[in-house]
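These numbers come from the heavy atoms of this one structure, side chains and all, not from hydrogens, waters or symmetry mates. Both ligands and their constituent atoms are indexed starting at 1 by order of listing.
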Amino acid sequence: MTGGSFEIPLGDPAFFAGDPDPEMAELRRHCPVSWQKGGEFWAVTGLRDIQTVGKDPANFCSGQGVLMSDRGREIAAEDSVLYLDPPRHEQYRKLVNRAFTPRRVATLEPRVRELTVDLLDRIDPTQPVDLVDALCAPLPLLVIAELLGLPAEDRDSFRRWSDAIMEAATDLTEENALLALELIGYFDGQLDARAEAPTDDLLSALLVAEVEGTRLTRAEVQGFCMTLMVAGNETTRSLMSGGLVALADHPQQRRRLEQEPELLAPAIEEMLRWVTPIMAMARTTTGEVVLHDTELGGGEYVVLAYGAANRDEEVFGETADCFDVTRSPNPHVSFGFGEHFCIGASLARLEARVLLEEVLARWPDYAVAGDIERAPSTLFRQITHVPVLFAP
Ligand code: HEM
C-alpha cells in the first residue's frame, strides 16, 4: 500500500460546519489520495481522481456504503438507488429518470415560480427573517411533495422527517430513527391509497414500475420515495441559502448579475461549486486498484471529498478560491460524477434560478443581518439559520 497519510479531521461532524477549505486544500496539494489513519479510509481530494472513481463502479462500488456513517453498517440494497451497482443500478434509475429530464423539469417552472412568489409574498422585508425557514427549506419540500403527489398540508411533517433522516446520516439516535419509521409509515399509507385509486403522480408510477418483468417490492418503493424526498431537500436548501449568502458577501458580483441576466446560469453553477452542499460521499474498492499512482487494496473505503475537488486549482486555476459568477467552464462535482450523477440536478438548478430571479427582482440589496448558524455533519455543508433583511 503506497500513498501518503496526511491527516485531516474529515470524519469529524464539526469539520464541515467550520472552515474546512484550507485544510482540504493542503491535503489535496500534498497528498491527493491519502490514508486517513483515524477513520481508516482513503480520502480522494482531486477533481480528476474523483471523476475516475465516479465512472468506474466495477472497481469502486456503492453497494457497501456511500456515507461516511455507513461504514460497518449492514446495507440493504432496497434502502436506496444510491447503494446499487451495475447492472441493477441502471434498471432502477430508469424508473424515475423520465420524471427528472431537463425537458420534463422545464414544464414545472410556472408552478415553481408560483410557489416561490407565494413564499416571498409572506415576507416582511423591513424585519429580519430567517432565510432558511422562510424560503430555502419550504421551497424544495413543496416541489418534491407535489412531484410525488403528497398533500401540501403535510409539509411541516415532511421537514421534520427529512431533517431527522439527514441528521441520522451523521448521528443515528433513537429519536431520528423513530421519525424515519414514521415517514416509512406515512409513505405506506399514501401507497395503499394509490394502490386502490391510482393517480398520475410519481408514487402511483412507482407502484406499477417493473424491473425485468417484476414489480418492485413495497420496501423498494418505500426506499425510492424516501431517497427522492430526502435527497432533494437539504441539498437544494443549502444551495439556495449558501448561494444567496455568497452573493450578499460579493456585492459587485451581485450587481453584475442584476444587470446581465444571462449570467444567471453560470452563477447557479458557481453557487453549486462554492457551496458544495454534499461535501463527501464514499465507495468501496472491489479489488486491488491503482488511483493517482497509489495502490489500494480490495475492500477499502474510499471517501470522495467533493468539497475539496471543487477548489482544485489544477482544474479551476488561480481563481479556484474566488467566487466568480462568470466562471466558464465550471466542471464542478457538486452533483457527483459518473454512474450516480444526481437525478435531481435539473430540478435543483430550476428551483435555485427561479428563487434568485424573484429575490433579485424584488430586493436586490438584501443583506445578512446577524450570525450564520451551521449544523455539524459528515455529509453536508449546511446553514441552519441565517437572519436576512430583505429591504435594508
Ligand atoms: C443542489 C441540490 C442537490 C445536490 C447538491 C445533490 C447532490 C447529489 C450528489 C452528490 C449525488 C451523488 C451521490 C454519489 O456520488 O453517490 C446525488 C444523487 C442523487 N440525487 Fe441529488 N442533489 C441535489 C438535488 C436533488 C434533487 C432535487 C433530487 C430529487 C428530487 C435529487 C435526487 C437524487 C437521487 C435520487 C440520487 C441518487 C442517484 C443514483 O444513485 O444514481 N437530488 N445528488
Side-chain angles (χ1 to χ4, degrees), residues 44 50-51 53-57 60-68 70 75 77 79-102 104-105 108 112 136 139-148 150 158 162 166 169 202 206 223-243 268-284 302-307 309-310 332-353 355-356 379-382:
V44 183
I50 283 184
Q51 290 177 328
V53 173
K55 63 185 183 207
D56 184 8
F60 299 94
C61 74
S62 294
Q64 295 184 46
V66 294
L67 308 176
M68 276 199 218
D70 281 338
I75 305 292
D79 278 357
S80 174
V81 63
L82 282 161
Y83 296 117
L84 295 180
D85 289 305
R88 277 178 83 202
H89 175 242
E90 203 195 338
Q91 295 168 331
Y92 279 76
R93 252 184 94 108
K94 267 195 196 146
L95 301 178
V96 293
N97 246 350
R98 247 189 304 148
F100 293 98
T101 58
R104 190 75 177 270
V105 166
L108 304 175
V112 170
C136 307
L139 184 57
L141 275 166
L142 289 169
V143 173
I144 193 66
E146 285 204 7
L147 265 178
L148 288 170
L150 304 172
F158 298 153
S162 173
M166 282 310 171
L202 210 47
L206 281 170
F224 238 129
C225 295
M226 300 272 280
T227 303
L228 290 173
M229 172 93 196
V230 172
N233 272 321
E234 210 113 353
T235 48
T236 314
R237 185 190 306 177
S238 299
L239 166 64
M240 291 169 170
S241 55
I268 302 290
E269 298 312 302
E270 184 65 347
M271 287 173 179
L272 278 158
R273 185 186 79 91
W274 193 248
V275 177
T276 315
I278 292 193
M279 290 290 274
M281 297 290 284
R283 300 291 186 266
T284 303
V302 178
V303 170
L304 309 176
Y306 293 140
N310 277 343
H332 64 76
V333 284
S334 295
F335 289 124
F337 188 85
E339 298 283 306
H340 287 268
F341 183 83
C342 176
I343 288 178
S346 299
L347 183 59
R349 286 175 168 132
L350 170 71
E351 291 177 34
R353 174 172 59 75
L355 180 68
L356 198 53
L379 177 64
F380 287 117
R381 168 140 58 190
Q382 57 179 347

Could you check which of F224, Y306, F100, F341 puts a non-hydrogen atom nearest to atom 15 (O) of ligand 1? Y306

May I ask you to check whether over 12 heavy atoms, not counting those of E90, lie within 6.0 Å of atom CD? no

Hey, could you give me the CZ/OG distance between R381 and S241, rounded to the nearest 0.5 Å? 11.5 Å

Side chain, backbone, both or neither: L82 near ligand 1, heavy atoms under 4.0 Å: both

Within a distance under 4.0 Å of any heavy atom of H89, pick out the atoms of ligand 1 and give their elements. 39 (C), 40 (O), 41 (O)

Among protein heavy atoms, which lies nearest atom 40 (O) of ligand 1, and at what distance? H340 ND1, 2.6 Å

Starting at CD1 of I343, measure out to OG1 of T101 and round the result to the nearest 0.5 Å. 12.0 Å

Taking atom CD of Q64 as the centre, report whether more than 12 heavy atoms of other residues, nucleotides or ligands fall under 6.0 Å from it. no

Note: F337, heavy atoms under 4.0 Å from ligand 1, region reported as neither

Within the 4.0 Å heavy-atom shell around I144, which atoms of ligand 1 are there? 30 (C)

Where does M281 meet ligand 1, judged by heavy-atom distances below 4.0 Å: at the side chain, the backbone, both, or neither? side chain

Identify, by atom number and element, the atoms of ligand 1 in contact range of P277, meaning under 4.0 Å from any of its heavy atoms. 5 (C)

Closest non-hydrogen protein atom to atom 14 (C) of ligand 1, residue and atom name please, with distance? R283 NH2, 3.4 Å

So which bit of R93 gets within less than 4.0 Å of ligand 1, heavy atoms only: side chain, backbone, both or neither? side chain

To the nearest 0.5 Å, what is the distance between CD on E339 and NE2 on H89? 6.5 Å

What's the separation between atom OG1 in T227 and atom OH in Y92, rounded to the nearest 0.5 Å? 12.5 Å

Please check: side-chain N/O of R273 versus main-chain N/O of N310, any donor-acceptor pairing under 3.5 Å? yes

Just how far is it from atom OG1 of T236 to atom CZ of R349, taken to the nearest 0.5 Å? 11.5 Å

Has the side chain of D85 got a donor or acceptor atom that lies under 3.5 Å from a matching backbone atom of S62? yes

Are any of the N/O atoms on T227, whether in the backbone or the side chain, positioned under 3.5 angstrom from an N/O atom of ligand 1? no

Evaluate the side-chain contact (heavy atoms from CB on, under 4.5 Å) criterion for residues L304 and F337: first the C-alpha distance (whole Å), next the side-chain angles of each, then the deciding distance (0.1 Å), finally the verdict. CA-CA 10 Å; L304 309 176; F337 188 85; over 6 Å; no

P277 to L239 - nearest heavy-atom pair and separation: CG-N, 4.0 Å

Near atom 21 (Fe) of ligand 1, meaning under 2.8 Å, the protein N/O/S atoms are C342 SG

With heavy atoms of S334 as the reference, note each atom of ligand 1 found under 4.0 Å away. 5 (C), 7 (C), 10 (C)

Hey, what's the ring geometry for F335 with F341, parallel, tilted or perpendicular (30° and 60° as the breaks)? perpendicular

Taking the side chain from H332 and the backbone from M271, do they hold a donor-acceptor pair closer than 3.5 Å? no

Structural part of L147 in contact with ligand 1, heavy atom criterion under 4.0 angstrom: neither

Go through ligand 1 atom by atom and flag the ones less than 4.0 Å from a non-hydrogen atom of L239. 1 (C)

